[in-house]
Amino acid sequence: MGRHGSAAGAAVHDGFRRHNSYATTAEQTTQLVLELQQCARDSGHPVPLAIGLDQENGGVNSLFDEIYIRQYPSAMGLAATGSRKLAYEVAKATAEEIATCGINLMMGPCLDVLTNVRNQPLGVRTTGDDPQEVSSYGVAFMKGYKEVGLATMGKHFPSYGSLEFLGSALDVPTITESLESLSLNALVPFRNAIKEGLDAMMVGGCAMSSAGLNVMHACLSEQVVNDLLRNDLKFNGVVISDCLEMEALSHNIGVGGGTVMAINAGCDIVLLCRSYVHQQEAISGLKLGIENGMISKERLKISLKRVLDMKAKCTTWEKAMNPQGIAALSKLQPAHTTLSTRAYNSSITVVRDKNRLLPLSNIMEPEDELLLLTPLVKPLVASAASRALSEQATNGSPEPAIWERSASVMSGERVFRELGRSLARQRSGRVLHTSYTANGVRPQHENLINRASAIIIVTADANRNLYQHGFTKHVSMICNMQYSTSGDKRQKPVIAVAASSPYDFAMDQTIGTYICTYDFTETALNSLVKVLYGEITPAGALPGTISQSQKLSQSKQHWLVEAFNEERDSNALDVLIKTLVEGNTPGLHSELSGATSNSLLLRNADIPEAHFVVRNSSTQALYGFCSTYFFKATGTGVIGAVFVDPSRRKLSIGHSLHNRAIRTLLQREGIKRFQLGSRLPSLYLGIPTGHGGERKRLRSWFANLGWNTALSRAVCSMVARNLSTWTPPPGMAKSLQSAGADFDLVYGWEYAGPVLDHIKTNNRQGLAEVYKMALADPTACGIIRAKRPEDGALVGTVVLYNMQSQLAEFVPGMKDLGGEMAGGISSPVISPSVGEYSTLLQGLILLGMRQIKQQGCNACILDYMDGDGNFDGLSAMGFATLHHFEEVSCDAATMTMLPPS
């Protein structure tokens with residue numbers, strides 16, 4: 001609720017949200033807003049208050065009323081319908097409902113572009129990863145709000161879609177993209193919304209760090225607010241700061257000082273969400289800033305005029321003092337209920353149904369038992385329900401939480417309990433329902449899995465709640481190993497449902513049936529039940545680049561691509577590799593350093609390989625090279641490397657090599673998926689990302705060839721040096737003892753059985769081949785095993801190898817350490833049933849480092865590590881990142897539409 005008097009509209013008391021704990025219905029909200037406007041009028045305010053709230057739908061609504069306020073899909077859920085018209089209708093209906101309660105400012109739409117979809121807290125609050133799609137839906141939402149007469153506010157400038165989370169709560173989430181990159185991508189929706197008449201803009205509290213830009217909090221930076229938003233994007237509306245109560249900001253700067261900085265940066269309204277003490281601190285800071293001459297009255301008058309101009313568009317005293325209230329909501333209810341149902345029914349997305357498990361009647365008899373497995377989740381953190389719970393906890397309130405009294409948005413446990421009941425009402429057989437946690441698959445789960453004829457597993461943001469990912473994969477593995485009474489192998493049907501982010505298993509082909517609902521409100525799950533039982537045909541599609549047709553663009557030139565001939569081309573390939581290393585960007589270490597032509601040739605009968613060149617037949621020089629490998633164990637066709645002479649780029653040589661590689665891989669019997677980047681050989685683990693500009697160019701290049709780079713997986717190689725003086729971090733040895741495992745080091749093929757069975761829990765490309773190579777080379781390779789004490793079952797393994805091993809030939813980094821003796825650690829595999837994943841992983845690597853040190857080595861290479869986590873522990877052990885990559889994979893079926901050769 002914006003409040004301004006004679007001083008100016010620079011400080012905000014967000015009274016609406018602050019009092020939301022007792023304004024729990026539409027009628028109470030209408031009465032509260034009217035009382036606030038009456039207070040303002042009685043106090044002599046010349047114009048009404050601006051009262052705004054978040055009503056984004058999905059899981060983020062500040063106003064709940066199960067009778068009068070309808071539940072609609074989130075922004076991403078609406079994008080999944082593919083209908084901008086429906087998005088406009090929902091936005092208009094949402095605006096009508098809150099306007100009848102006296103609200104005049106919609107704190108939306110979200111205009112963020114998810115450039116890093118795997119690790120963003122915004123999730124389904126924004127449309128997706130395509131800037132043009134985010135823009136078109138954002139404008140549709142905005143027009144719907146404006147049609148009702150509300151002021152609109154875009155957020156979260158300059159984008160919360162690519163934040164890097166670097167540490168503790170006091171470390172500010174950071175945008176690391178350059179301004180040039182932001183302008184081409186993240187700023188597109190903001191720019192277009194401004195052109196369409198956006199009234200206000202919220203500037204985020206995130207940090208920004210890139211070349212020429214180092215900002216602690218964007219909303220406190222004149223470079224962001226005044227230069228970028230006002231001058232570059234030509235925005236003349238009201239600028240609203242992010243909440244200054246955010247822990248990092250209030251701890252690092254303080255609310256009083258932050259208020260002064262925000263105003264001087266160009267903010268017209270300063271947002272304070274909850275604490276009355278902080279609101280007083282902000283007003284004191286504003287007053288002190290004026291008295292000290294840090295804030296001029298002319299500056300305040302500029303903000304005052306902007307706020308008054310916005311209010312003139314959305315409110316008058318006549319309108320503010322006569323809210324339509326319940327009477328109008330009653331008339332809207334029937335049409336809005338129909339719209340809500342239509343929107344949700346249109347949004348449910350069946351991403352895959354490989355074995356035709358849907359509807360459930362295809363696979364289940366009426367008397368069969370169905371098992372529902374759901375996570376214990378908290379309410380969505382951005383919802384008003386979550387904020388209310390925090391306040392009740394702070395105030396010691398004995399009142400039950402808001403969502404326990406609302407049918408639309410409830411705690412995860414209650415919503416999923418209702419899902420179980422809805423499933424049970426539709427069939428005569430029993431529905432078994434239990435929850436799962438980070439403790440993994442327990443005996444209770446195994447017993448229920450054995451009983452049931454089919455299993456539904458629900459996840460909610462599994463990419464950020466990794467236990468959900470591990471649990472789902474573990475259950476899927478159990479179901480794939482079921483046997484009939486006659487001893488025949490029989491897969492038990494498993495259906496995975498992503499109830500929030502659709503990216504949980506979007507690219508994981510091992511999850512054969514995968515459905516997305518985009519939120520876990522009861523309304524969304526009702527539509528899910530209809531899909532499961534075949535009452536409606538699912539019509540949703542994953543939004544953004546993931547669903548766009550992956551057609552390869554025609555090359556401008558079609559080069560003659562020849563099969564690599566080792567005798568003819570090896571020397572020329574060595575020359576090409578040397579040219580690329582020497583021509584690398586100064587200051588950056590080339591991924592090809594230490595590599596030779598032999599590093600790319602596996603010569604392994606179990607791994608078919610085919611490599612291609614574009615060459616000058618007269619001079620024998622190579623202009624480009626591409627390597628491919630086929631890993632039978634996982635049905636994965638891999639492009640391990642594709643590189644072109646720097647002097648001959650942009651001539652379509654890479655396109656021609658790539659197209660030939662894809663055609664060849666498509667001919668492999670049993671091909672299921674494609675992958676960019678290879679663990680074996682370990683030159684390029686994926687798209688190199690060490691340099692921002694080069695990363696962007698390569699991502700764009702591969703995206704134009706049909707790869708969905710938005711769903712890449714961060715991986716890296718690491719190195720620890722100076723092992724001669726290295727000692728384990730304090731406490732890590734004790735932590736190792738608490739890992740609950742016995743460790744040993746084994747050599748040779750006689751240990752192959754249990755080891756190879758254990759690694760089947762991980763279906764990553766090249767894993768089995770690395771272990772087989774290590775087992776077959778006992779003089780130079782070993783395997784550290786972690787065993788469960790009670791039964792001796794393997795729960796973790798890792799490969800060790802030295803410079804004389806066959807494996808080392810395919811890890812160029814081993815030869816690129818300035819002549820130092822080095823050992824390698826490769827391919828850790830931790831059982832999904834392990835609770836302390838990080839502790840066990842660090843334990844295996846710690847023991848590997850000790851062993852390598854005992855061999856007289858002074859350096860240790862970790863040739864392949866997931867880049868999303870474990871960095872703190874590994875850094876503490878002495879490791880530094882050698883190279884960063886983005887591994888990209890896709891279903892083989894999506895690569896069948898190739899241009900003619």
Side-chain angles (χ1 to χ4, degrees), residues 59 123-124 360 368-381 383 385-386 389 400-427 429-479 492-502 504-505 511 513-529 532 831-837:
V124 297
L360 289 173
D368 287 345
E369 290 184 325
L370 174 66
L371 174 59
L372 175 65
L373 298 168
T374 59
L376 289 176
V377 296
K378 297 177 182 178
L380 296 167
V381 294
S383 70
S386 177
L389 177 65
I402 283 176
W403 56 83
E404 289 294 346
R405 302 196 298 267
S406 165
S408 292
V409 177
M410 299 179 284
S411 71
E413 185 174 11
R414 185 178 166 199
V415 168
F416 295 138
R417 190 186 307 135
E418 187 57 35
L419 171 61
R421 290 170 180 161
S422 297
L423 287 168
R425 282 192 288 267
Q426 301 267 1
R427 59 192 318 273
R430 294 181 63 186
V431 173
L432 313 170
H433 178 201
T434 190
S435 298
Y436 65 90
T437 66
N439 292 326
V441 177
R442 315 308 295 169
Q444 171 195 4
H445 297 124
E446 293 181 353
N447 292 336
L448 292 172
I449 290 168
N450 289 332
R451 278 181 57 179
S453 296
I455 293 95
I456 297 173
I457 311 175
V458 176
T459 62
D461 294 306
N463 281 315
R464 290 191 288 126
N465 300 293
L466 293 179
Y467 78 90
Q468 297 180 20
H469 186 276
F471 181 89
T472 303
K473 298 286 283 186
H474 193 178
V475 171
S476 177
M477 181 188 70
I478 292 172
C479 292
K492 184 166 287 188
V494 177
I495 297 170
V497 176
S500 186
S501 167
D504 288 359
F505 296 98
I511 304 298
T513 300
Y514 181 51
I515 307 175
C516 300
T517 67
Y518 305 97
D519 67 60
F520 50 84
T521 57
E522 189 178 15
T523 322
L525 298 182
N526 284 340
S527 293
L528 169 66
V529 172
L532 289 170
S831 170
S833 62
V834 171
E836 294 294 330
Y837 176 93

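Note that these values count all heavy atoms, side chains included, but never hydrogens, waters or copies made by symmetry.
Proximity of a side-chain donor or acceptor of N465 to a complementary backbone N or O of A460 within less than 3.5 Å is detected. Between the side chain of Y514 and the main chain of F505, a donor-acceptor pair closer than 3.5 Å is present. Checked by atom type and distance alone, the side chain of D519 never pairs as donor or acceptor with a backbone atom of G59 at under 3.5 Å. Between the side chain of R451 and the main chain of L371, no donor-acceptor pair closer than 3.5 Å is present.
Atom OG of S422 sits about 5.0 Å away from atom CG of N526, to the nearest 0.5 Å. Remark: S501 OG to N463 CG distance equals 6.0 Å, nearest 0.5 Å. In this structure, L432 CG and L448 CG are separated by 5.5 Å, a value rounded to the nearest 0.5 Å. One distance of note links CZ of R464 with CG of D504; it measures 9.5 Å at 0.5 Å rounding. Atoms OG and CD, on S500 and Q468 in that order, are 9.5 Å from each other to the nearest 0.5 Å. Of the inter-residue distances, the one linking Q444 atom CD with N447 atom CG reads 8.0 Å to the nearest 0.5 angstrom.
Under the salt bridge (Lys or Arg N to Asp or Glu O under 4.0 Å) criterion, K492 pairs with no residue at all, not counting sequence neighbours. Qualifying side chain to side chain contact (heavy atoms under 4.5 Å, CB included) partners for R421, counting only residues two or more places apart in sequence or in other chains: R417, E418, R425.
Side-chain contact between V441 and P832 is absent, with no heavy atoms from C-beta onward closer than 4.5 Å. Inter-residue side-chain proximity for V475 and Y436 is flagged as unmet; no heavy-atom pair is nearer than 4.5 Å.
In terms of heavy-atom proximity, L370 sits nearest to A454 at CD1-O, 3.6 Å.
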Evaluate the side-chain contact (heavy atoms from CB on, under 4.5 Å) criterion for residues T517 and S527: first the C-alpha distance (whole Å), next the side-chain angles of each, then the deciding distance (0.1 Å), finally the verdict. CA-CA 8 Å; T517 67; S527 293; over 6 Å; no
Chi angles and distances behind the side-chain contact (heavy atoms from CB on, under 4.5 Å) call for H433, T374
CA-CA 8 Å; H433 178 201; T374 59; 2.8 Å; yes
Kindly determine whether S833 and H474 satisfy side-chain hydrogen bond (donor to acceptor under 3.5 Å, both in side chains), including the steps that lead there.
CA-CA 7 Å; S833 62; H474 193 178; 5.2 Å; no
| What's the verdict on side-chain contact (heavy atoms from CB on, under 4.5 Å) for R427 and D368, showing C-alpha distance, side-chain angles and the deciding distance? | CA-CA 9 Å; R427 59 192 318 273; D368 287 345; 4.2 Å; yes
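When each of T459, T472, D461, V458 is checked for a side chain to side chain contact (heavy atoms under 4.5 Å, CB included) with P375, only V458 meets the rule. Just one residue in the list I515, L373, L423 forms a side chain to side chain contact (heavy atoms under 4.5 Å, CB included) with I456, and that residue is L423.
Taking the six-membered ring where tryptophan is involved, the planes of F416 and F520 are tilted, since the angle between them lies from 30° to 60°.
Within the structure, salt bridge (charged side-chain N to carboxylate O under 4.0 Å, His left out) pairs that include any residue of residues 440-449 do not occur (at least two apart or interchain).
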